[in-house]
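Just so we're on the same page: letters track the sequence lines, and every chain starts at 1.
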Amino acid sequence: MTIKIVESHFEPWQEVQIYQNAQAALTDKAGAAAVFVGTMRDFNAGHTVSGMRLEYYPGMTEKQLEKVISQANTQWQMLDCLLIHRVGDILPHEAIVLVAVWSFHRGDALDACRYLIDSLKTQAPFWKKERIGDSACWVAGNTKGYYAIE
Amino acid sequence: MTIKIVESHFEPWQEVQIYQNAQAALTDKAGAAAVFVGTMRDFNAGHTVSGMRLEYYPGMTEKQLEKVISQANTQWQMLDCLLIHRVGDILPHEAIVLVAVWSFHRGDALDACRYLIDSLKTQAPFWKKERIGDSACWVAGNTKGYYAIE
Amino acid sequence: MSVKVRYFASLRERLGRSEDELVFFAPLTAHAIWERANPDLPMPDNTLVAVNMDYVKLDVLVNDGDEIAFFPPVTGG
Amino acid sequence: MSVKVRYFASLRERLGRSEDELVFFAPLTAHAIWERANPDLPMPDNTLVAVNMDYVKLDVLVNDGDEIAFFPPVTGG
């Protein structure tokens with residue numbers, strides 16, 4: 001189980017590939033991998049966003065992410081997971097978050113992946129400040145995650 | 001929306017990367033990507049498996065996969081999806097199936113991805129024949145997908 | 001009327017052939033087509049049936065030129 | 001008793017500082033610590049509180065050497 005808080009751009013699919021290749025045990029056992037990638041959009045809640053700054057609470061963020069992973073571990077069988085979160089200045093189209101879960105079977109991988117991203121969004125101390133035109137606004141809260149109800 | 005039935009090994013994470021890069025519209029709009037990869041295990045239901053042959057019904061398989069994608073489209077907002085399925089002779093640790101969904105938001109991407117893999121498993125005509133020692137056995141049916149209840 | 005009958009996977013192996021051409025003179029249901037094509041073997045439980053590549057029930061009537069397929073539960077993914 | 005008080009994101013900006021050192025003589029709740037540190041500003045609705053990097057309720061007692069943090073709803077992911 002690996003948590004990475006990174007301050008510069010990362011390529012999510014490459015990270016998954018490299019991580020998986022490095023874990024020989026994964027290749028042998030994992031029948032299922034579920035991955036979620038969240039990317040910065042240049043458009044949010046009706047306005048054009050030119051950039052974003054992501055603040056976090058060093059120490060607490062990692063602690064809460066570890067807790068979320070422990071919680072997932074009690075509910076689903078996870079062979080491994082990789083969690084990467086960007087902080088600092090982010091440009092549109094760059095990856096913000098990656099959650100990857102490897103399991104024997106698909107149900108565990110899919111459920112745990114969803115639990116991790118949903119829990120991360122409510123538990124882990126990260127804060128987004130969007131640059132809109134000449135001003136910068138703190139994002140008020142996370143959405144439900146569905147197009148139809150935004 | 002792209003469906004590929006392939007007869008030789010594919011690298012799932014690379015496929016996702018290449019597909020995403022080729023679709024400029026995706027990079028601009030998609031805030032969320034959800035991916036599932038199913039890999040051949042060398043161990044199933046208590047025995048060592050040395051290889052597998054995957055049969056399909058050319059024409060019907062594609063038709064049913066298109067139906068499953070259409071169904072998902074009526075329920076969730078999908079910007080794009082990529083569906084790759086191996087057929088023919090497969091070795092342990094090789095990818096069997098890839099389902100990738102791009103959406104504005106995470107709920108749509110995650111739900112649609114899960115729906116696609118679950119529906120593919122019940123709807124699309126593929127049949128697995130496992131090589132176990134000197135014999136080959138048709139897999140009787142798909143499992144629920146959870147370690148705890150296998 | 002003529003239909004193409006196809007078999008897949010374990011069913012194909014069990015029957016020892018992958019297809020039949022069947023000619024008949026009155027409309028037949030999918031189930032009746034199985035019986036004509038395989039008079040000595042009752043259709044195995046769980047057999048799935050497709051006409052023109054869509055799943056159908058056993059009582060559907062099969063038309064001239066249709067392709068009908070019989071196969072075991074699918075195990076892809 | 002001494003605690004470190006930390007502020008993040010919009011709360012940090014609004015207060016114009018990222019931390020306080022607070023000294024007191026009897027145990028205080030998290031809420032009372034806010035009031036001591038920010039006598040002129042009621043705690044904004046939805047403020048989250050953590051002691052030693054775990055979420056706590058406002059009535060929890062804060063001990064000597066603890067680190068307490070106040071911040072707005074989180075918006076990561």
Side-chain angles (χ1 to χ4, degrees), chain B residues 3 5-6 36-41 44-45 52-68 70 83-88 90 95-99 113-130 135-145, chain C residues 1-22 28-34 36-38 40-77:
Chain B
I3 294 168
I5 312 269
V6 297
F36 176 81
V37 174
T39 304
M40 197 198 145
R41 297 167 61 215
N44 192 20
M52 195 164 75
R53 191 170 170 77
L54 245 156
E55 183 170 330
Y56 76 120
Y57 181 172
M60 178 164 177
T61 303
E62 293 86 343
K63 188 177 186 181
Q64 295 302 316
L65 291 175
E66 280 164 22
K67 274 197 171 185
V68 161
S70 298
L83 217 151
I84 305 179
H85 205 292
R86 240 338 251 295
V87 292
I90 304 185
I96 298 173
V97 63
L98 162 77
V99 176
C113 179
R114 176 157 215 148
Y115 177 87
L116 289 176
I117 183 63
D118 284 352
S119 303
L120 177 157
K121 285 194 160 255
T122 55
Q123 303 290 107
F126 290 105
W127 300 274
K128 287 176 183 154
K129 191 176 194 179
E130 291 177 338
S135 59
C137 300
W138 292 98
V139 174
N142 271 320
T143 58
K144 299 274 181 214
Chain C
M1 298 207 273
S2 152
V3 299
K4 184 192 253 189
V5 189
R6 302 184 67 175
Y7 309 105
F8 289 91
S10 56
L11 204 51
R12 174 178 53 70
E13 286 187 353
R14 185 165 170 185
L15 297 171
R17 63 192 195 278
S18 60
E19 57 183 79
D20 289 319
E21 284 290 332
L22 211 72
L28 289 181
T29 65
H31 192 255
I33 286 185
W34 172 277
R36 290 279 180 105
N38 302 284
D40 299 327
L41 181 73
M43 189 186 307
D45 286 349
N46 297 327
T47 297
L48 297 172
V49 190
V51 168
N52 299 332
M53 301 183 178
D54 278 316
Y55 290 101
V56 296
K57 296 201 166 148
L58 283 171
D59 59 1
V60 77
L61 284 175
V62 181
N63 296 309
D64 187 36
D66 283 351
E67 171 170 307
I68 181 168
F70 297 95
F71 47 80
V74 301
T75 55

Inset, instruction - Taking the side chain as every heavy atom from C-beta outward, state whether C:Tyr55 and B:Lys67 have any pair of such atoms under 4.5 Å apart. - result: no
Legend entry - Backbone of C:Met53 reached by a side-chain donor or acceptor of B:Gln64 within 3.5 Å: yes
Inset, instruction - Considering only heavy atoms, give the residues of residues 11-18 of chain C separated from chain B by less than 4.5 Å, sorted numerically, with 'none' for an empty result. - result: C:Arg12, C:Glu13
Legend entry - Short side-chain to backbone donor-acceptor contact, B:His85 and C:Gly77, under 3.5 Å: yes
Inset, instruction - Among B:Val139, B:Ile96, B:Thr61, B:Leu120, single out the residue with the greatest number of heavy-atom pairs under 4.5 Å to chain C. - result: B:Val139
Legend entry - Considering all heavy atoms, the nearest C:Ala9-B:Trp127 contact: CB-CG, 3.4 Å
Legend entry - chain C contact via B:Tyr56 - side chain, backbone, both or neither, heavy atoms under 4.5 Å: backbone
Legend entry - Partners passing side-chain contact (heavy atoms from CB on, under 4.5 Å) against C:Leu58 (at least two apart in sequence or in another chain): C:His31, C:Met43, C:Val49
Inset, instruction - Enumerate the residue pairs fulfilling side-chain hydrogen bond (donor to acceptor under 3.5 Å, both in side chains) with a member in residues 41-51 of chain C, sequence neighbours excluded, ordered by first and then second residue. - result: none
Side-chain polar contacts of residues 63-75 of chain C - donor-acceptor pairs under 3.5 angstrom, sequence neighbours left out - could you list them?
residue	atom	partner	partner atom	Å
C:Asp64	OD1	C:Ser2	N	2.7
C:Asp66	OD1	C:Asn52	ND2	3.1
C:Asp66	OD2	C:Asn63	N	2.7
C:Glu67	OE2	B:Tyr57	OH	2.4
C:Glu67	OE2	C:Arg6	NH1	3.3
C:Thr75	OG1	B:Lys128	N	2.8

